[in-house]
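Some notes on the structure that comes next.
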Amino acid sequence: MINTENVIKNRLLTYHQKLLSLASIAENQLDVLKISEKTKFYMNRNIISDMNEGNAPFRPRYILPDYEKYLKKGSKFLNIRPAEDIWDAVNNLLILYRHVPSITSYPVFIGSLDKLLQPFYNNDEEATKAVKFFLLHISRTITDSFCHGNIGPQKTDIGEIILKVERELQTSVPNLTMKVSKNTDKAFVIEGIKTALEVSKPSFANDEMFIEDLGTNYGIASCYNGLVIGGGSYTLSRLNLARLAEASDSKSDFMDNLLPDAVNSMCEYMDERIRYLIEESGFFKSSFLVEENLISMDNFSAMFGMVGLGVAVNILNNTKTKDEMFGQSENANELGKIIIERLYELVSRHNNKYCMVSDNKFLLHAQVGLDSDIIGKDSPGCRIPIGDEPDLYSHIEIEAEYHKYFPSGIGNIYPFDKTSKKNPEFIYDILMGALNSGMRYFSLISSDADVIRITGYLVKKSEIENLDNNIQVSNNSAILGKGAVDNQKILKRRVFVNE
Amino acid sequence: MNEVLIRKIISISSVDGPGNRFVIFLQGCNMNCKYCHNPETIKNYDLNLFRNIESKSIQILNVDEIINKIKKIRKFISGVTVSGGECTQHLEFLVELGVEVKKLGLSFFIDTNGYILLDGHSDLLKNVDGFMLDIKSIDNDRHLMLTGTSNHTVLENLDNLIRLNKLHEVRTVIVQNLEDNFNTVQEVSRLIKNSNIKYKLIKYRKNGVRKEAGNYAEPTMEYMEKLKKLANENGCINVIIT
């Protein structure tokens, strides 16, 4: 039983963090969703998780407003006129961000930033000042790492300025992705890599792959979720394959009985969440974002998340030695592929009439973990568990094989020793190799950065240290980051170092 | 088909030329540097000694076998570097390998001590995109003392490679307070000034050295920065301390 007063008296929480916790407690007093006994069974065993979305869905989990339309047309509700110069553009965006809901209460997508601001570019001096103002404002008011901006695939003045300013500001917010296509300027990508080695962002998205799955108007939101702009995702639930494997008697029991049964349950559960959101909460009938056509149900889908493949494979194979582990053994890797192919097929059979943008299908998502997940018992998405990583090329090639199944997001974080800063072209070659291997998303960090990538989002190591020393931090996500560091040993990833 | 003795292959490297590279270290060297930190690579063996034995540290490979290894990871690299030991002792092998590497669309770099004159070997030079050349000392007597060989050909190679636009990088190992460090850095940086040629000042490290290294001391960062400053002042733009 949650002690609400503990939240109020918790000195480690800021006012806003307390507010969010109190709202969550209130929401979770309700019991309005029709959940089957079978789903409850799976939820009690942590096989199905609602990803802390709350008992009464009252807003979509992830929203990606059409900021381009907003800058051109302004907003009647907010009494904002169309932007005329870069200062209008920046100000108007910052204003709209305050009104974009999500699971975190902050916008999880702040736009294709270079595309939005480049039309207002006059010169470097003015643009740099405006971008600095913009990014600093965001980092100090959107105090949540799941806020995500995009740049690329074309090189732009604004894109280059954003990369330089990020190196200077050293903030964990916003998260940033550079879309990379076959035509993206090499020097621009290398600037991105130099920035990533300093501040663990941007990550790099395979533009061609995302376009094939989601169309040209896609955005990367929150951790690394590919979704359609002008829409988003109603919900994300997740299936823990590791816990499901634990509950199975055998491989065939898992594949033929439990997996189809759990997928069925979770699809029904997601249907119910979506139904409540759309048919009862009234969000889509009352939000000005819908009214002004900045979002539309036509562009929404839902995310069927999974986690724990690596551990599931090791459980099903009854693995005893390291060389038999998922990531180290061909046999284990094969089983991983079979499981995901089966999962993809099962999820594809299900239809939800409200997911029009994805042909009424849920999009698979490789969820990378909750702060409460525990290394050894859980493993992120389809990632090779930390500690079992093979050499870098194998690591990339093994994980790349899963990427085609996960249009709404999958990726991993590859740490490099700080000597790589002297040769960023080295990482460019590896990145290109990864994208050509079928990888849709690639993140890198340097062994000496303060801003680090946890499982998908960014936090400062210094913020985690503050929490360790009972000092408040403004970034809500730092608390999650501390959990991941403590429980999932995310600072112990295999680092590439030159021999 | 040319075969050589290979000490090591590294399929991923950020420190052996531009980008990510596949690096081949050949066995055998024609210098005997006092501060060598890989002295196990110095000895020149008869290749046939290794034909019928299984050694954990040295293997015989031919060009085809090496190319097959490269092909497996081709998409992750931008080039191949050959080092050693001293790889220019095997010019025919390098020529053959260079042809095959270029067919794969990769760049081909060679790491050399410059003891063998490269001028005149157009069949090699045409396929090499860049050389990384060690200048141990600008002073011949000191060079003899340090390496057991004269530096005349080394300096001739330096001039030629600059002229041919094939010099990617010069490297000098810096031992603390060795007499001619400043002279060497001064002269080299004057020769490569105002170009993109990198000048790597490598801190001497004691790991793996033999007793020949005697009292050689690892340089302080302050000493290295002084040398870097000297190189910059002489017009050398791209100086790296490593």
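Keep in mind that what you see is a predicted model, and the values were worked out from it rather than measured. Lettering of chains follows the sequences in order, A, B, ..., and the numbering in each one begins at 1.
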Using distance only, find each side-chain donor-acceptor pair of residues 129-138 of chain B under 3.5 Å and give its atom names and separation, not counting sequence neighbours.
from     : atom 1 : to       : atom 2 : distance (Å)
B:Asp129 : OD1    : B:Lys102 : NZ     : 3.2
B:Asp129 : OD2    : B:Lys102 : NZ     : 2.7
B:Asp129 : OD2    : B:Phe108 : N      : 2.8
B:Ser137 : OG     : B:Asp139 : N      : 3.2
B:Ser137 : OG     : B:Asp139 : O      : 3.3
B:Ser137 : OG     : B:Asp180 : OD2    : 2.1

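- No more than 12 heavy-atom neighbours from other residues, nucleotides or ligands sit within 6.0 angstrom of CD on A:Glu212.
- Taking 4.5 Å as the limit, every side-chain heavy atom of A:Asp429 sits out of range of all side-chain heavy atoms of B:Phe76.
- At a heavy-atom cut-off of under 4.5 Å, chain A is reached by B:Ser13, B:Ser14, B:Val15, B:Gly17, B:Pro18, B:Gly19, B:Asn20 from residues 13-28 of chain B, listed in order of number.
- Contacts of B:Ile73 with chain A are made by side-chain atoms alone, with heavy-atom separations under 4.5 Å and no backbone atom involved.
- Few gaps surround CG on B:Asn44; more than 12 heavy atoms of other groups in view lie less than 6.0 Å from it.
- B:Gln186 is linked by a side-chain hydrogen bond (donor to acceptor under 3.5 Å, both in side chains) to nothing, counting only residues two or more places apart in sequence or in another chain.
- If you measure heavy-atom distances from A:Leu392 to chain B, the contacts under 4.5 Å come from the side chain alone.
- Residue B:Lys200 places its NZ atom among more than 12 non-hydrogen atoms of other residues, nucleotides or ligands, all under 6.0 Å distant.
- Residues of residues 396-405 of chain A placed with any heavy atom under 4.5 Å of a heavy atom in chain B are listed by number as A:Ile396, A:Glu397.
- With a 4.5 Å cut-off on non-hydrogen atoms, A:Tyr393 touches chain B through its backbone and its side chain both.
- Within a 6.0 Å sphere centred on CG of B:Asn165, heavy atoms belonging to other residues, nucleotides or ligands number 12 at most.
- We find the CD1-CD1 distance between B:Ile77 and A:Ile430 to be 10.5 Å, quoted to the nearest 0.5 Å.
- Other residues, nucleotides and ligands contribute over 12 non-hydrogen atoms within 6.0 Å of the CZ atom of B:Phe50.
- A donor-acceptor pair under 3.5 Å is formed between the side chain of A:Lys422 and the backbone N or O of B:Ile241.
- Heavy-atom neighbours of B:Lys226 NZ from other residues, nucleotides or ligands within 6.0 Å: at or below the threshold of 12.
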